[in-house]
Every structure is written in C-alpha cells, then in structure tokens.
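Here's the structure we're looking at; comments come further down.
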Amino acid sequence: MSIDFKDKVAIVTGAGGGLGKQYALELARRGAKVVVNDLGGSRDGTGHSDMALEVVEEIEKAGGTAVSNGASVTEYDQMEKMIADAKQQWGGVHILINNAGVLRDKSFAKMSPEDFEFVVKVHLLGSAYATKAAWETFREQSYGRVLMTASSTGLFGNFGQANYGAAKLGLAGLTKTLHLEGAKYNIKVNTLSPVAGTRMTEDLFPEQAFELFAPENVVPAALFLVSEDAPSNAIVGAGAGGYHSAWTVMNEPVWLPEGERTVEDFAKHWDKIGEFSNLKAPESGAEQSGQILAAMQKVTGQGPSSARG
Ligand code: NAI
C-alpha cells in the first residue's frame, strides 16, 4: 500500500524548521503542492526571517512544488489571505497541518499574563484561525484533513508550561468538536502529540536523546493522519520510532438518589467517583449525560422521564 498526496494542496504552518519542515518535505515528495507557512521568528515568537523560503527552495530542488507564506497564524485576516492565495494558485486546499508554535516557559507563579496570552494565542487561536479560514473550502469540496498539534504537556502536564499546556489540551478539545461538525463533509480532524529534538526542545534533551528523537520519526504519524484514509478524532503520540494513542475517558457514574446528594454524601463516595476503572472514551459530549442516566436507571430501574416525575 503506498500513500500519496497527488492532486492535494497542503498547508503546513510553522514549517520553516523542526517538525513542520519535515512534514512539508515529505508531503511534497509524495506529490502534494505545499504552502510552507512560517513567520520566521525565534523560539519565543519575536523577530522575522526567511526560513519558509529556504524550505521551498529545498522542495523545488528535489523536484517538488511549494510556495512560501510568511503570515502569522495569530492574524485571522492573514490566514484568510493564505487560503485565498493557495486556492487561486492551485484551485483548492485539502490538508492543513497546524504546527506553528512558540514557548514562553516559566512557573505559573512567575508567568506574566502577557506570556500566558501570547502562547495561547499562537497555539490555540492560531490553529483555530487557520482552520476557520479553510473550513468553508473544506465543506464546499467535501474534503478536508486537519491535524492539530497537541503535546504531552497538554495531555498530561509539565512543570513550567501552564500557558502551553492549556493551549495544547484546548487543541485536543477543538479536534473533538470539529470532528463531529466536519464528519458530514468528509472533513477528518485529528490531534498529534509529537516528541522531537528541535530548537524547541534543544535545551531539554540530552545530546543522545536529541538524535534518537529526530523529527523525521514523527512524519509517518502526521502524514497518515492527513491522508485520504485517515481516521478522525484520534489523539496520536509519536517520537523516536514509538507510536501510540491517547483518549479522554470517563468512568462509570455513581448515581446518588435525591436526599443523598449533600457535599458530605459526595465526599463519602469520592473513592468510587474518583476510581480509575470501567473507563469509556465517549464519542461526543452527549454521552456524559447519557451515561449518568444509564447509571440512574441501573439504581432505580426507571428511565429519564418516569424518574423525573
Ligand atoms: P520549532 O520551533 O522548530 O517550530 C515551530 C515553528 O513555528 C517555528 O519555525 C516558528 O517560526 C513557527 N511560528 C511561531 N509562531 C508563528 C506564527 N505566529 N505564525 C507562523 N509560524 C509561527 O518547534 P517544533 O518542535 O518543530 O514544534 C512544532 C510543533 O510541535 C509546535 O506546535 C510544538 O508546540 C509542537 N510540539 C513539539 C514537541 C517537540 O518535542 N519538539 C513536543 C510537543 C509538541
């Protein structure tokens, strides 16, 4: 089975270096026309450079097709123009990898509100803006593949990255609703949680680990998740040749009858309510209330309408 991207137009944000560059190179190698977006700033999001242009040159030298785009994902009008330009040049946009990112790490105690806002703006709003700008095109085409870039910090936490973690888990949440809204239009939306040795992590990894976690190892997961036969609503982790999935799950609700719902009653049942067992990964938010009603029915033997009365 070979997977190609012929006749597909792909946009990769933040593709001037690191992971995004590897996605762009491989998409182009496999036939996609690629918009290499990058503002070209430093790791904390300041300054500008021509990183995207250099990636385009590399793609063209290898016989591929690409254009550079220096827009910032934080500006919605620039995202709209990026989509419009790609459509004008190549007739559509089929794939969007939201990859652009910055870091402003500090413990929450020392983090300024500005650093919190900026990091959330680049990751969460930037991904929402780029996706929103492309959404109508995806619907019109009945084809769209969107990849959000989360992080282990978002899924599981990391000291010093409250701003980044909040934005990253937000992206997994955004994926879930866009997956539901896009399903009818053949728009598939997934979340990737990569681990890679890039400038973002260069002072975190020891030298040997930095090499083991070369960004090339994340490419298979990223490209599969934006391919024709991609799943939707997956959260996939990738790094150093290891690949896995993650889910948001809930346990079976404990249903307390009326008259037994005081704070003290809740505290009495906390061991069971907080137990890591009987886990399910709901397909949509509605399943939370559905599971609560099912738990009620198990205790009372009554369905929602008769139980209400
Ligand atoms: P990187 O710093 O090499 O790549 C991020 C790129 O985004 C940079 O080239 C930067 O210029 C660009 N960028 C920043 N702000 C932008 C904006 N407003 N508009 C357009 N482009 C902008 O870092 P890396 O590691 O390749 O990160 C890629 C993505 O993967 C990021 O979203 C990061 O948070 C995520 N990630 C990376 C991990 C890792 O281990 N390297 C771990 C978890 C997530």
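Just follow the structure's listing: the first ligand is 1, and inside any ligand the first atom is 1.
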Quick note on ligand 1: atoms under 4.0 Å from a heavy atom of Ala150 include exactly 43 (C), 44 (C)
Any atoms of ligand 1 less than 4.0 Å from a non-hydrogen atom of Asn37? List them with their elements. 20 (C), 21 (N)
Mind listing the side-chain donor-acceptor pairs of residues 151-167 below 3.5 Å, one per line with the distance, residues two or more places apart or on another chain?
| unit_1 | atom_1 | unit_2 | atom_2 | d |
| --- | --- | --- | --- | --- |
| Ser151 | OG | Thr153 | N | 2.8 |
| Thr153 | OG1 | Gln161 | OE1 | 2.6 |
| Asn158 | ND2 | Gln161 | OE1 | 3.1 |
| Gln161 | NE2 | Asp105 | OD1 | 3.2 |
| Gln161 | NE2 | Asp105 | OD2 | 3.1 |
| Asn163 | ND2 | Arg104 | O | 3.1 |
| Asn163 | ND2 | Asp115 | O | 3.2 |

I need the atoms of ligand 1 closer than 4.0 Å to a non-hydrogen atom of Thr149, numbered in the order shown. 29 (C), 30 (O), 32 (O), 35 (C)
Return the closest protein heavy atom for atom 11 (O) of ligand 1 as residue, atom name and distance. Asp38 OD1, 2.5 Å
Closest protein heavy atom (residue, atom, distance) for atom 22 (C) of ligand 1: Ala100 CB, 3.6 Å
Return the residue, atom name and 0.1 Å-rounded distance of the protein heavy atom closest to atom 27 (O) of ligand 1. Met200 SD, 3.9 Å
Atom 43 (C) of ligand 1: nearest protein contact (heavy atom, Å): Pro194 O, 3.1 Å
To the closest 0.5 Å, what do you measure between CZ (Arg29) and CG (Leu223)? 10.0 Å
Determine whether the side chain, the backbone, both or neither of Arg43 has a heavy atom under 4.0 Å from any heavy atom of ligand 1. neither
If you count heavy atoms of other groups shown closer than 6.0 angstrom to NZ of Lys132, is the number above 12? no
Between His179 and Lys188, does the side chain to side chain donor-acceptor pair (under 3.5 Å) criterion hold? Intermediate values first, please. CA-CA 6 Å; His179 150 70; Lys188 296 184 178 178; over 6 Å; no
Is there a nitrogen or oxygen of Val195 sitting under 3.5 Å from a nitrogen or oxygen of ligand 1? no
Mind checking whether Ala196 has an N or O less than 3.5 Å away from an N or O of ligand 1? yes
Ignoring hydrogens and angles, state whether a donor on the side chain of Asp44 or Thr46 is under 3.5 Å from an acceptor on the partner side chain. yes
Does Val102, backbone or side chain, put an N or O under 3.5 Å from an N or O of ligand 1? no
Within the 4.0 Å heavy-atom shell around Gly18, which atoms of ligand 1 are there? 3 (O), 26 (O)
Residue-level breakdown please: for Leu39 versus ligand 1, do any non-hydrogen atoms fall below 4.0 Å on the side chain, on the backbone, on both, or on neither? both
Proximal candidate to atom 17 (C) of ligand 1 [heavy atom criterion; set Leu192, Val73, Leu19]: Val73
Would Gly101 count as being in polar contact with ligand 1, using the rule that some N or O on each side must be under 3.5 angstrom apart? yes
Would you check if Val56 and Val34 make a side-chain contact, meaning some heavy-atom pair closer than 4.5 Å? no
Restricting to heavy atoms, the pick from Ser72, Gly70, Ala238, Ser42 nearest atom 18 (N) of ligand 1 would be Ser72
Test salt bridge (Lys or Arg N to Asp or Glu O under 4.0 Å) on Arg139 and Glu136 and set out the steps. CA-CA 5 Å; Arg139 280 164 46 110; Glu136 203 45 48; 3.5 Å; yes
Applying a heavy-atom cut-off of 4.0 Å, say which part of Phe213 lies close to ligand 1: side chain, backbone, both or neither. neither
Is there a donor-acceptor contact under 3.5 Å from the side chain of Arg30 to the main chain of Phe5? no
If we only count N/O pairs under 3.5 Å, is Lys168 in contact with ligand 1? yes
Is there a donor-acceptor pair under 3.5 Å between the side chain of Asn251 and the backbone N or O of Ile273? yes
Aromatic centroids of Phe138 and Tyr185 separated by under 6.0 Å: no
Relative to ligand 1, is Ser193 under 4.0 angstrom through side chain, backbone, both or neither, heavy atoms considered? neither
Taking NZ, NE, NH1 and NH2 as the nitrogens, is one of them in Lys81 or Asp85 under 4.0 Å from a carboxylate oxygen of the other? yes
So which heavy atom in the protein is nearest atom 4 (O) of ligand 1, and how far is it from that ligand atom? Gly14 O, 4.2 Å
Check whether Leu125 and Val122 end up in the same hydrophobic cluster, where Ile, Leu, Val, Met, Phe, Trp and Tyr are linked by side-chain heavy atoms less than 4.5 Å apart. yes
Proximal ligand 1 atoms for Ala71, defined as those under 4.0 Å from one of its heavy atoms: 19 (N), 20 (C)
Do any heavy atoms of His123 fall under 4.0 Å from ligand 1? yes
Contact (N/O only, under 3.5 Å) between Thr198 and ligand 1: yes
Counting from 1, what ligand 1 atoms have a heavy atom of Gly41 closer than 4.0 Å? 11 (O)
Starting from atom 8 (C) of ligand 1, find the nearest protein heavy-atom neighbour and note its residue, name and distance. Arg199 NH2, 3.3 Å
Below 4.0 angstrom from a heavy atom of Ser151, which ligand 1 atoms are there? Numbered from 1 as shown, please. 43 (C), 44 (C)
Asn99 heavy atoms, cut-off 4.0 Å: which ligand 1 atoms fall inside? 28 (C), 29 (C), 30 (O), 31 (C), 32 (O)
Are Glu58 and Lys61 ion-paired here, with the side-chain N under 4.0 Å from a carboxylate O? no
Look up atom CD1 in Ile235 and atom CG in Leu192, then write down how far apart they are to the nearest 0.5 Å. 11.0 Å
Is it the case that ligand 1 has an N or O less than 3.5 angstrom from some N or O of Tyr164? yes
When you measure from the side chain of Thr13 to the backbone of Asn99, do you find a donor-acceptor pair of N or O atoms at a distance under 3.5 Å? yes
Should the pair Lys8 and Tyr143 be classed as cation-pi, given the thresholds of under 6.0 Å to the six-membered ring centre and 45° from the axis? yes
